[in-house]
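Everything below concerns the one structure shown next.
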Amino acid sequence: MTEPSILFLRACLALLAMPIYLLSFLGIWEPFCKKIFFPFFLEKLSAVHERKVKKQKQELFHNLPNFKSPSGELKLLEIGTGCGPNFQFYPPGCRVTCTDINPNFQQGLSRSMDKNQHVQYERFLVAAGEDLHQVPSASVDAVVCTLVLCSVQDVNGTLREVLRVLRPGGVFYFLEHVAADRSSWRYFWQQVCYPTWKLVFAGCCLTREIWKNLEQANFSELSLRHTSVALPWTPIEPHIIGYAVK
């Protein structure tokens, strides 16, 4: 399909979403999205997404205890914690620092913390992935980031911060939706949906090839595979999953 086809379909989708575009123009949508819509939507999406990826996450995090510090502690930093869907996969006694650029997930986060009391919660920081200055360098054993790199301002900057806060030999776990194959119909529809999707869902980008950023980052070891998560009628089925060692 040609560029004019993409532009035409984008315009059609924008017409359907015109009320949201109007609210955005008036400066109403962004604060409403940040405080009410996105926390509500993300908690609902997380419940669906978790059912689809539970086995994959269990496999992903199974070696997390191997990265304990020499003292026997496991200090973990989660970027973009949201409502805390990953807590269930962390080993008992794991000391977790939660970060998110949006502080409005507290209700869902509290529910998840109550369900997962095997984990020690250290603190919650309001911070962007690209700026974790509140976290000392080489101070954590593991960093976790799931469904977050799609919406950070700077993927490479976030990965540099991950490497900075990890101790030598520390591990970075990721699970992210990514761009589909460029020759596929799925990629075509990702391009069509991109502007409206990004507006509605708090800056989420559909066509990032995040595996390239990971391959170019200065990790000593990278274990990455492409997978598909069954989320019919959405443009976010293609995913990457894996871990990288500093």
Side-chain angles (χ1 to χ4, degrees), residues 46 49 52-53 55-64 66-67 74-82 85-86 89-90 96-101 127-133 135 137-184 186-187 190-191 194 197-198 201-229 231 235-246:
S46 291
H49 193 267
K52 305 289 187 180
V53 300
K55 289 185 178 179
Q56 294 186 72
K57 280 193 175 182
Q58 287 172 335
E59 180 182 343
L60 174 66
F61 291 119
H62 82 280
N63 66 343
L64 190 47
N66 297 342
F67 292 94
L74 180 63
K75 295 181 180 179
L76 185 149
L77 172 74
E78 182 161 355
I79 299 174
T81 304
N86 295 320
F89 303 105
Y90 299 159
V96 178
T97 296
C98 304
T99 74
D100 206 293
I101 196 171
E130 307 93 331
D131 181 11
L132 299 171
H133 69 272
V135 183
S137 299
S139 64
V140 298
D141 305 300
V143 176
V144 172
C145 187
T146 60
L147 301 184
V148 172
L149 294 178
C150 59
S151 57
V152 297
Q153 292 292 322
D154 180 0
V155 176
N156 290 331
T158 300
L159 294 178
R160 283 194 294 270
E161 280 290 79
V162 168
L163 282 161
R164 181 186 66 79
V165 302
L166 278 174
R167 64 165 175 80
V171 64
F172 172 54
Y173 291 92
F174 54 87
L175 171 64
E176 300 288 342
H177 71 80
V178 293
D181 184 279
R182 292 195 176 199
S183 62
S184 67
R186 187 170 286 163
Y187 184 72
Q190 285 180 331
Q191 288 181 292
Y194 183 95
W197 183 276
K198 186 176 182 181
F201 299 114
C204 176
C205 298
L206 293 172
T207 56
R208 286 185 173 173
E209 297 173 328
I210 297 169
W211 64 91
K212 293 181 179 180
N213 303 93
L214 285 160
E215 288 166 354
Q216 294 164 8
N218 293 319
F219 290 102
S220 65
E221 176 188 341
L222 176 63
S223 174
L224 180 154
R225 66 182 175 88
H226 290 257
T227 187
S228 181
V229 177
L231 295 166
I236 58 170
E237 290 194 1
H239 281 59
I240 56 171
I241 187 171
Y243 65 92
V245 179
K246 179 175 176 179

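Because only heavy atoms are used, hydrogens play no part in the values below, and waters and symmetry mates are left out as well, while side chains stay in. Note that the coordinates shown come from a computational prediction; the quantities given were computed from them, not determined experimentally. The first residue of the sequence shown is numbered 1, and numbering continues consecutively from there.
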Go through the structure and list residues passing salt bridge (Lys or Arg N to Asp or Glu O under 4.0 Å) with D131, not counting sequence neighbours.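 So D131 forms no salt bridge (Lys or Arg N to Asp or Glu O under 4.0 Å) with any residue.
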Results of salt bridge (Lys or Arg N to Asp or Glu O under 4.0 Å) for E215 - residues two or more places apart only: none
Would you confirm whether T81, through its side chain, and D100, through its main-chain N or O, come within 3.5 Å as a donor-acceptor pair? no
Spell out, as yes or no, whether a donor-acceptor pair under 3.5 Å connects the side chain of K246 to the backbone of G170. no
Can you label the angle between the Y90 ring and the F61 ring as parallel, tilted or perpendicular, going by 30° and 60°? perpendicular
According to the interplanar angle, ranging from 0 to 90°, do the rings of Y173 and Y243 count as parallel (below 30°), tilted (30 to 60°) or perpendicular (above 60°)? tilted
[X] and side-chain contact (heavy atoms from CB on, under 4.5 Å): which partner among [options]?
X    : options          : result
T146 : H49, K57, H177   : K57
I240 : V178, T227, L175 : V178
P238 : R186, H226, E176 : R186

Do R208 and V152 have side-chain heavy atoms sitting under 4.5 Å apart? yes
Any non-hydrogen side-chain atom of L76 less than 4.5 Å from a side-chain atom of T97? no
Nearest 0.5 Å, what's the [atom1]-[atom2] distance between [X] and [Y]?
X    : Y    : atom1 : atom2 : answer
F172 : L214 : CZ    : CG    : 6.0 Å
D141 : N66  : CG    : CG    : 12.0 Å
I236 : C150 : CD1   : SG    : 8.0 Å
R167 : F67  : CZ    : CZ    : 8.0 Å
L132 : T99  : CG    : OG1   : 6.0 Å
W211 : L222 : CH2   : CG    : 13.0 Å

Taking E237 first and then K52, would you say they form a salt bridge - that is, a charged N and a carboxylate O separated by under 4.0 Å?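 So E237 does not pair with K52 through a salt bridge.
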Atom of [X], atom of [Y] and distance for their closest heavy-atom approach:
X    : Y    : result
I79  : G129 : CG2-CA, 3.9 Å
S139 : K75  : O-CD, 3.7 Å
Y194 : C205 : OH-SG, 3.5 Å
S137 : R164 : OG-NH1, 3.0 Å
A142 : L64  : CB-CD1, 3.8 Å
L159 : A217 : CD1-CB, 4.2 Å

Side chain to side chain donor-acceptor pair (under 3.5 Å) pairs touching residues 148-160, sequence neighbours excluded, are N156-N213
